[in-house]
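Have a look at the structure below, then the notes.
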Protein chains: 2
Amino acid sequence: MDAESKTTTEIRDTFKDFLSSKGLRVTNQRLAIFDAAYEHPDHFTAEDLLERSREIDDSVSRATVYRALPILTESGLIREVDVGRDYKFYMANRNATTFQAQVICLDCDKIFEIDAPFMEWYGKTVADKLGLNVESQRLQVTARCDELQTAGICKRSGKKAS
Amino acid sequence: MDAESKTTTEIRDTFKDFLSSKGLRVTNQRLAIFDAAYEHPDHFTAEDLLERSREIDDSVSRATVYRALPILTESGLIREVDVGRDYKFYMANRNATTFQAQVICLDCDKIFEIDAPFMEWYGKTVADKLGLNVESQRLQVTARCDELQTAGICKRSGKKAS
DNA sequence: GTCAATGCAAAAGATTTGCATACGG
DNA sequence: CCGTATGCAAATCTTTTGCATTGAC
């Protein structure tokens, strides 16, 4: 067992506590959705999550996934990552302490999370000038993979040119 | 007439030239949509644009607006501003030379455009590390208007607490 | 005249919601 | 037991698309 970071079981207890503290019920479906999210090593969509949740508890419905996502987001246990497509991505918020920026590769179709600690300061500075209080921030870089286009293969994603 | 910046008429000619150069046709509908976009001082949605275009040429259909938007965006004459809602915003790209960040106020429901010249550098640096070439970037700060919540009115937007 | 552009209406696709039922506390 | 959470299916809402017709060049 990993001595440094919390186990999924421990985090699941945090989730249970969160639900209880909000007067929400601890249901099998919610736990299955939580587990599915934490099993996922990467970014996932609501649909991905539905599929994986159902492998754990096949009674999970799409509606329940969509209703659970805001709860998980509010609990801070997962993070919403909107990169401007017509559907949203999410990811387990395992141990991110600093602000994360995203680099989205249009060729690899992959999202990289990058530490961007200075963002904390930046957002506050700008918002202050307008007399506003920062609620959230996002910094996204959309990019192209030259390697894929030139060499025909991308080492990072393993994707080959089509 | 303004001696410093281009008139809308001049920019419309640029649009016509752009269309011709791409082998696209200069239609009344496209010009009406262009004019509507440039009459709009602020951010607007596709639906806003449809409404205003129809005041100029009532034959403009929703489909044509949606088909014109990517053309206008590609021409660089308007800019797409996706702030993570389920619909996109657009705005006339009058004279922006430096990178613009957005501050979105959840209370005023207003989008402020802010110069963020350092972003050019930042995006390139991060993408370089991954071996990627920057295609586009976005930096957005979501904020709350304390003034509105405390004093009940926001000077900036003129909005009153409900 | 030719073929791109248009309007219309239907389709698409992610997310939300109404409602009767199931189940957690 | 009470009331929240669920599944299902229908609804929503923006954006896209197929097709017959119109109009730019």
Side-chain angles (χ1 to χ4, degrees), chain A residues 12-13 15-37 43-75 78 80-90, chain B residues 12-13 15-37 43-75 78 80-90:
Chain A
R12 182 175 27 217
D13 286 341
F15 181 47
K16 287 185 190 171
D17 290 347
F18 176 82
L19 289 173
S20 300
S21 72
K22 292 273 177 182
L24 300 171
R25 289 177 183 169
V26 177
T27 63
N28 282 334
Q29 288 89 340
R30 282 175 175 164
L31 293 178
I33 292 165
F34 167 88
D35 287 344
H43 299 79
F44 52 83
T45 64
E47 203 60 27
D48 293 335
L49 190 57
L50 171 63
E51 201 176 309
R52 285 178 175 245
S53 303
R54 279 187 164 156
E55 286 169 17
I56 299 170
D57 177 342
D58 69 355
S59 79
V60 174
S61 74
R62 184 170 286 104
T64 298
V65 168
Y66 277 104
R67 285 189 272 236
L69 282 168
I71 298 173
L72 279 159
T73 302
E74 204 204 337
S75 76
I78 72 168
E80 191 182 285
V81 179
D82 183 337
V83 296
R85 306 210 180 153
D86 48 6
Y87 45 88
K88 292 191 177 73
F89 286 95
Y90 299 87
Chain B
R12 182 176 28 215
D13 286 340
F15 181 45
K16 288 185 190 171
D17 290 345
F18 177 82
L19 289 174
S20 301
S21 73
K22 292 273 180 184
L24 300 170
R25 290 175 184 172
V26 178
T27 64
N28 281 333
Q29 288 89 342
R30 283 175 176 163
L31 293 178
I33 292 166
F34 167 86
D35 286 344
H43 299 78
F44 51 85
T45 63
E47 203 60 25
D48 293 335
L49 191 57
L50 170 64
E51 202 175 307
R52 286 176 173 247
S53 302
R54 279 185 163 158
E55 286 169 17
I56 299 170
D57 177 343
D58 68 356
S59 78
V60 174
S61 75
R62 183 170 287 104
T64 299
V65 168
Y66 277 104
R67 285 189 272 235
L69 282 168
I71 297 174
L72 279 159
T73 302
E74 204 205 334
S75 76
I78 73 169
E80 191 183 286
V81 180
D82 184 337
V83 296
R85 307 212 178 150
D86 47 7
Y87 45 86
K88 291 191 176 74
F89 285 96
Y90 299 87

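Keep in mind the model is a prediction, meaning the values are calculated, not measured. Computed from heavy atoms alone, side chains included, the values below leave out hydrogens, waters and symmetry copies. Note on naming: letters A, B, ... go to the chains in the order of the sequence lines (proteins, then strands), and numbering restarts at 1 for each one.
The shortest distance between side-chain heavy atoms of B/E47 and B/V65 does not fall below 4.5 Å.
Annotation: side chain to side chain contact (heavy atoms under 4.5 Å, CB included) contacts of A/K22 (sequence neighbours excluded): A/F18, A/L24, A/E74.
Closest to the side chain of A/Y87, from the set D/dA24, C/dG24, C/dT15, is C/dT15. Closest to the B/R54 side chain, of the nucleotides D/dC8, C/dC8, D/dT6, is C/dC8. Distances from the side chain of A/R67 to the nucleotides C/dT15, C/dA5, C/dT17 place C/dT17 closest. When the nucleotides D/dA24, D/dC8, D/dA5 are ranked by their closest atom to the side chain of A/L24, D/dA5 comes out on top. Looking at the side chain of B/A63, the nearest of the listed nucleotides D/dT17, D/dT14, D/dC25 is D/dT17.
Each of A/I33 and B/N28 lies near DNA chain D, and the nucleotide nearest A/I33 is the one positioned closer to the 5' end.
Using a 4.0 Å cut-off, no side-chain N or O of A/R62 falls inside it from OP1 or OP2 of C/dT15. For A/Y66 and C/dT15, the shortest distance from a side-chain N or O to OP1 or OP2 is below 4.0 Å. At the phosphate of D/dT6, OP1 or OP2 sits under 4.0 Å from a side-chain N or O atom of A/T27.
Ring pair B/H43/B/F89 is perpendicular by interplanar angle, where above 60° counts as perpendicular and below 30° as parallel.
Among the atoms of the strands shown, only primed sugar atoms or phosphate atoms (P, OP1, OP2) are found under 4.0 Å from some heavy atom of A/R30.
Between the base of D/dA5 and the side chain of A/R25 there is no donor-acceptor pair shorter than 3.5 Å.
Between the CG atom of A/D35 and the OG atom of A/S53 there is a distance of 9.0 Å, given to the nearest 0.5 Å.
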